[in-house]
**Student:** 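Pasting a structure here, questions to come.
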Amino acid sequence: MERDDRAPVATFFVEAPLVAETTATLGERAAHHARVKRLVVADRVRLSDGAGRVAVGSIESIMRGALDVAVTMVDTVPMPSPIHLCAPIADRDRMLWLAEKATELGAASWQSVRFHRSASVSPRGEGPAFAEKLRARMISALEQSGGAWLPNMLPEITVEALEVGSEQFPIVLDLAGDSIADVAASVLHQSPAVLIGPEGGIEPAELDALVARGWKRARLAGTTLRFETAGIAALAVLRAVHMSKGAPTNGR
């Protein structure tokens, strides 16, 4: 039975190039997802490569280790105005949760930052294996939200070595700073890079060094927030400000 008039019922992430009028073969993870969602042959689905290209197609076959999709249309979605997230190396589960929400809010990049207080956290999220878990969580969030852009995963770095590009405006969250909405509204011509401190806060010497290197202090609230709460709130505020001011979309 033809179902071309139906909206896609699920989104799947694909690594391979998306080409119209071809068959895209997805792996075991996608096949399992399709079975869990009780999808059947001829159901329409959406594909996303995480780099702005999306496709619509119909399921041709569902096997134990593969899912075949007949791609009918491919489109390109402009990247939202870039917002870069510098997240602390901290509790693993809370980092994964933040990565999920950051993807939903369209963060352009993610960089894990090692603070002095990161060393006291256990179990903490660091190393290549954990970076793969972060990316897997981001992919799941991309599929769940129907997004087109996956955050760019940057290498782990120490707070002392952290730098941003010339087109970025560095913001560090701090209770003594100006309102983050006011800070964001004043620099719409640049891409905000927001740094969240670790559990227990940024040490004074670290904060002083960041300010000396040009990081602008900004506050979210009058209370101390957990790092994952602060990350979500900061991304949401920055995204809302950029949308309300009509900030242009950009490439990576």
Side-chain angles (χ1 to χ4, degrees), residues 80-122 124-126 151 154-245 247:
S81 55
I83 301 172
H84 306 277
L85 181 62
C86 304
I89 291 177
D91 177 81
R92 289 185 299 193
D93 289 341
R94 291 161 62 191
M95 287 181 71
L96 289 169
W97 189 84
L98 176 56
E100 177 182 301
K101 303 309 173 186
T103 303
E104 293 174 11
L105 286 166
S109 68
W110 168 291
Q111 186 160 35
S112 297
V113 181
R114 184 176 296 104
F115 292 84
H116 294 166
R117 286 177 174 160
S118 295
S120 64
V121 179
S122 181
R124 59 182 175 270
E126 61 183 346
L154 301 177
E156 292 178 7
I157 196 169
T158 64
V159 66
E160 292 84 3
L162 181 62
E163 296 181 352
V164 297
S166 59
E167 76 286 357
Q168 297 174 9
F169 185 82
I171 299 170
V172 56
L173 298 185
D174 179 58
L175 278 172
D178 296 329
S179 162
I180 191 171
D182 291 341
V183 172
S186 68
V187 289
L188 285 177
H189 60 289
Q190 291 179 285
S191 304
V194 59
L195 172 63
I196 297 99
E199 298 165 70
I202 302 175
E203 293 186 355
E206 292 174 322
L207 184 57
D208 289 344
L210 286 165
V211 172
R213 301 205 308 269
W215 288 79
K216 174 72 174 177
R217 298 185 188 192
R219 72 176 186 277
L220 283 163
T223 56
T224 300
L225 305 177
R226 301 186 77 167
F227 80 84
E228 68 272 30
T229 305
I232 296 302
L235 285 170
V237 170
L238 292 170
R239 178 62 67 214
V241 168
H242 274 236
M243 290 176 65
S244 67
K245 300 296 183 180

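The figures here come from the full heavy-atom set of this structure, side chains too, leaving out hydrogens, waters and symmetry mates.
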**Student:** Is there side-chain contact between Ser112 and Met95, with heavy atoms separated by less than 4.5 Å?
**Tutor:**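 Yes; the side chains approach each other to less than 4.5 Å.
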
**Student:** Any chance you could lay out the side chain to side chain contact (heavy atoms under 4.5 Å, CB included) test for Gln111 and His84, step after step, and finish with the verdict?
**Tutor:** CA-CA 8 Å; Gln111 186 160 35; His84 306 277; over 6 Å; no

**Student:** Between the side chain of Ser118 and the main-chain N/O of Ile89, is any donor-acceptor distance below 3.5 Å?
**Tutor:**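 Judged by distance alone, yes, a pair lies under 3.5 Å.
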
**Student:** Taking all non-hydrogen atoms of both residues into account, name the closest pair between Pro82 and Pro192 and its distance.
**Tutor:**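 Looking at all heavy atoms of both residues, the closest pair is O-CD, 3.5 Å.
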
**Student:** How long is the straight-line distance from CG of Leu162 back to SG of Cys86, given to the nearest 0.5 Å?
**Tutor:**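 Atom-to-atom, Cys86:SG and Leu162:CG are 5.0 Å apart.
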
**Student:** Could you go through the side chain to side chain contact (heavy atoms under 4.5 Å, CB included) check for Leu195 and Leu173 one step at a time?
**Tutor:** CA-CA 6 Å; Leu195 172 63; Leu173 298 185; over 6 Å; no

**Student:** Just by modelled atom types, is the Ile83 backbone N or O under 3.5 Å from a matching donor or acceptor in the Arg239 side chain?
**Tutor:**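 No, the answer is negative, given that no donor and acceptor are paired below the 3.5 Å cut-off.
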
**Student:** Roughly how far, to the nearest 0.5 Å, is CG of Leu85 from CG of Leu238?
**Tutor:**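 If I round to the nearest 0.5 Å, the distance is 10.0 Å.
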
**Student:** As a quick check of understanding, evaluate salt bridge (charged side-chain N to carboxylate O under 4.0 Å, His left out) for Glu126 and Arg114, giving each step before the final call.
**Tutor:** CA-CA 9 Å; Glu126 61 183 346; Arg114 184 176 296 104; 3.4 Å; yes

**Student:** Just so I know, are the side chains of Thr223 and Leu175 near enough to count as touching, which here means a heavy-atom distance under 4.5 Å?
**Tutor:**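 No - every pair of side-chain heavy atoms lies 4.5 Å or more apart.
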
**Student:** Search all heavy atoms of Ile171 against all heavy atoms of Ala218 and return the closest pair with its distance.
**Tutor:**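 Where Ile171 meets Ala218 most closely, the heavy atoms are CG2-CB, 3.5 Å.
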
**Student:** Rounded to the nearest 0.5 Å, what separation is found between the CD1 atom of Ile180 and the CG atom of Leu220?
**Tutor:**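 Ile180 atom CD1 to Leu220 atom CG measures 4.5 Å (nearest 0.5 Å).
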
**Student:** How long is the straight-line distance from CG of Leu225 back to CD1 of Ile232, given to the nearest 0.5 Å?
**Tutor:**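 Rounded to the nearest 0.5 Å, the CD1-CG separation comes to 11.5 Å.
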
**Student:** With side chain to side chain contact (heavy atoms under 4.5 Å, CB included) as the criterion, how do Asp178 and Lys216 come out once you've worked through the C-alpha distance, each side chain's angles and the decisive distance to 0.1 Å?
**Tutor:** CA-CA 9 Å; Asp178 296 329; Lys216 174 72 174 177; 3.1 Å; yes

**Student:** With distance as the sole criterion, is a donor-acceptor pair present between the side chains of His189 and Glu167 under 3.5 Å?
**Tutor:**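 Note: His189 and Glu167 side chains miss the donor-acceptor criterion.
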
**Student:** Which distance, rounded to the nearest 0.5 Å, do you find between the CZ of Phe115 and the OG1 of Thr158?
**Tutor:**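 These two atoms lie 10.0 Å from each other.
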
**Student:** Measure the CG-CZ distance between Leu98 and Arg226 for me, rounded to the nearest 0.5 Å.
**Tutor:**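 The CZ atom of Arg226 is 12.5 Å from CG of Leu98, to the nearest 0.5 Å.
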
**Student:** Pair Asp208, Arg217 - check salt bridge (charged side-chain N to carboxylate O under 4.0 Å, His left out), show working.
**Tutor:** CA-CA 10 Å; Asp208 289 344; Arg217 298 185 188 192; 3.8 Å; yes

**Student:** Going by an N to O cut-off under 4.0 Å, is there a salt bridge joining Glu199 and Arg94?
**Tutor:**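 Yes, Glu199 and Arg94 are salt-bridged.
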
**Student:** Check the pair Val164 / Trp215 against side chain to side chain contact (heavy atoms under 4.5 Å, CB included), numbers first and verdict last.
**Tutor:** CA-CA 10 Å; Val164 297; Trp215 288 79; 3.8 Å; yes

**Student:** Taking the side chain as every heavy atom from C-beta outward, state whether Trp110 and Thr103 have any atom pair closer than 4.5 Å.
**Tutor:**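 No, side chains not in contact.
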
**Student:** Gly197 and Phe227: which non-hydrogen atoms are nearest, and at how many Å?
**Tutor:**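 For Gly197 versus Phe227, the nearest heavy atoms are O-CB, 3.5 Å.
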
**Student:** Hey, is the main chain of Gly177 close enough, under 3.5 Å, to the side chain of Arg219 for a donor-acceptor pair?
**Tutor:**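 A pair under 3.5 Å: yes.
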
**Student:** Measure across Ala236 and Leu105 and return the closest heavy-atom pair with its distance rounded to 0.1 Å.
**Tutor:**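 Closest heavy-atom pair between Ala236 and Leu105: N-CD1, 4.0 Å.
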
**Student:** Can you give me the closest heavy-atom contact between Ser166 and Gln190, atom names plus distance?
**Tutor:**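 Residues Ser166 and Gln190, closest heavy atoms: O-NE2, 3.6 Å.
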
**Student:** Which pair of non-hydrogen atoms, one from Arg117 and one from Pro198, has the smallest distance, and what is that distance?
**Tutor:**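 Scanning both residues completely, I find the closest heavy atoms to be CB-CG, 4.1 Å.
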
